[in-house]
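When reading the values below, keep in mind they use all heavy atoms of this one structure, side chains included, and skip hydrogens, waters and symmetry mates.
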Amino acid sequence: MTAQRIDGNALSHQLRAQVAADTAVLKAQGLTPGLAVVLVGDNPASQVYVRNKVKACQDAGLHSVLEKYEATMSEADLLARVESLNNDPQIHGILVQLPLPAHIDAQKVIEAINPAKDVDGFHIASAGALMTGMPGFWPCTPYGCMKMLESIGYNLSGKHAVVIGRSNIVGKPMALMLLQQNATVTICHSATTDLKAHTLQADVIVAAVGKRNVLTADMVKPGAVVLDVGMNRNDEGKLCGDVDFEGVSQVASFITPVPGGVGPMTITMLLVNTLESAKRALSAQL
Ligand code: NAP
């Protein structure tokens, strides 16, 4: 079997066009969706990420502001900025780029964001909403994975999904989203004794570890759907995922490449969440 690729760039293109169209409708009603991105310090990777997020907003017609601060910024000053953005009616989404400098308590800063503007979905209220099936914002990366499954018309009901990784931003919310769609879900992590025994049972595998070749062809049931969240560098320094793409492509039915898979979907879902936040703000005014 040669797996079909789920093209994250093409799907992102479609979804961003829809965001742009919906944004134009909101603008005609007098409301422009707005995202504030806050960067503290000069981490080179973070600088690239925030630039891409702001550009994606601009391309889709959203209002976006990028606030950059020195790494020496105090926690109190950052909390004050978040509070000010919470009260800014032009801002519907607030994203504080992680990691933050060590002297700042990142969780405290995330908890200071108004959950109604928590478009990253990292606030404890957003996590609770996902857990209980209440309205909130879903973290962008696993939300993007769900959109990729939807794009191939995959019905998760009754299927066995294995998530490798249990971080608060990818693995755990991914498992909850799959569960919400009636999959039977197994979560694997670094203390899992026989990863292969679990993955071989899976109809859907999501790899979110951050290590190359965590998933190889011998670990995949023929016809399984494989989503690769990992972002690693290979020996040549090129971006690669957690999955042995060439090998697993011979066994799986669908697979996401790296790059060009889950990565672009993450920013796309940030736009989707910001638009949704603006829509909620508008209906609250009516
Ligand atoms: P993380 O917080 O480091 O979590 C990694 C998880 O993998 C942990 O739960 C860890 O288990 C588990 N793990 C480590 N070694 C393992 C092994 N040998 N077998 C099974 N599980 C193992 O990372 P993250 O933030 O979730 O990110 C995961 C990967 O996705 C990274 O490569 C990251 O760069 C990438 N990522 C990509 C995007 C995107 O937009 N494409 C977004 C976010 C993250 P323990 O809990 O037991 O330590």
Quiz item: When you look at CD of Glu70, are more than 12 heavy atoms from neighbouring residues, nucleotides or ligands closer to it than 6.0 Å?
Solution: no
Quiz item: Do Arg5 and Phe245 meet the cation-pi criteria used here (NZ or CZ under 6.0 Å from the six-membered ring centre, within 45° of the axis)?
Solution: no
Quiz prompt | Check: Asn273 main-chain N/O paired with Ser277 side-chain donor or acceptor under 3.5 Å | solution = no
Exercise. List for me each residue that meets side-chain contact (heavy atoms from CB on, under 4.5 Å) alongside Glu75, sequence neighbours excluded, and say none if there are none.
Key: Leu79, Ile104, Asp105, Lys108
Self-check item: pair Thr186-Val163: side-chain heavy atoms closer than 4.5 Å
Solution: no
Quiz item: Hey, is Glu150 close enough to Lys147 for a salt bridge, meaning N to O under 4.0 Å?
Solution: yes
Practice problem: For Ala127, enumerate each residue passing the side-chain contact (heavy atoms from CB on, under 4.5 Å) test, keeping only those at least two apart in sequence or located in another chain. | Solution: none
Quiz item: Do Leu227 and Val225 have side chains that get closer than 4.5 Å, going by heavy atoms?
Solution: yes
Exercise. Flag the pair Glu67 / Leu85 as yes when at least one side-chain heavy-atom distance between them is below 4.5 Å, and no otherwise.
Key: yes
Practice problem: State whether the side chain of Ser249 and the backbone N or O of Thr2 hold a donor-acceptor pair below 3.5 Å, judged by distance alone. | Solution: no
Quiz item: Quick one: do Asp242 and Lys211 make a salt bridge, cutoff under 4.0 Å?
Solution: no
Practice problem: State whether a side-chain donor-acceptor pair under 3.5 Å links Asn43 with Gln47. | Solution: no
Self-check item: Electrostatic pair Asp235-Arg212, nearest N-O below 4.0 angstrom
Solution: yes
Quiz item: Does the side chain of Ile91 reach to within under 4.5 Å of the side chain of Val65, using non-hydrogen atoms?
Solution: yes
Self-check item: Flag for Ser126-Asp118: side-chain donor and acceptor within less than 3.5 Å
Solution: yes
Self-check item: Partner set under side-chain contact (heavy atoms from CB on, under 4.5 Å) for Thr32, not counting sequence neighbours
Solution: Lys27, His63
Quiz item: Does atom OH of Tyr154 have more than 12 heavy-atom neighbours, drawn from other residues, nucleotides or ligands, at distances under 6.0 Å?
Solution: yes
Quiz prompt | Min side-chain heavy-atom separation Thr141-Ile169 under 4.5 Å | solution = no
Practice problem: Inspect the surroundings of CD1 in Ile124 and state if more than 12 heavy atoms from other residues, nucleotides or ligands are less than 6.0 Å away. | Solution: no
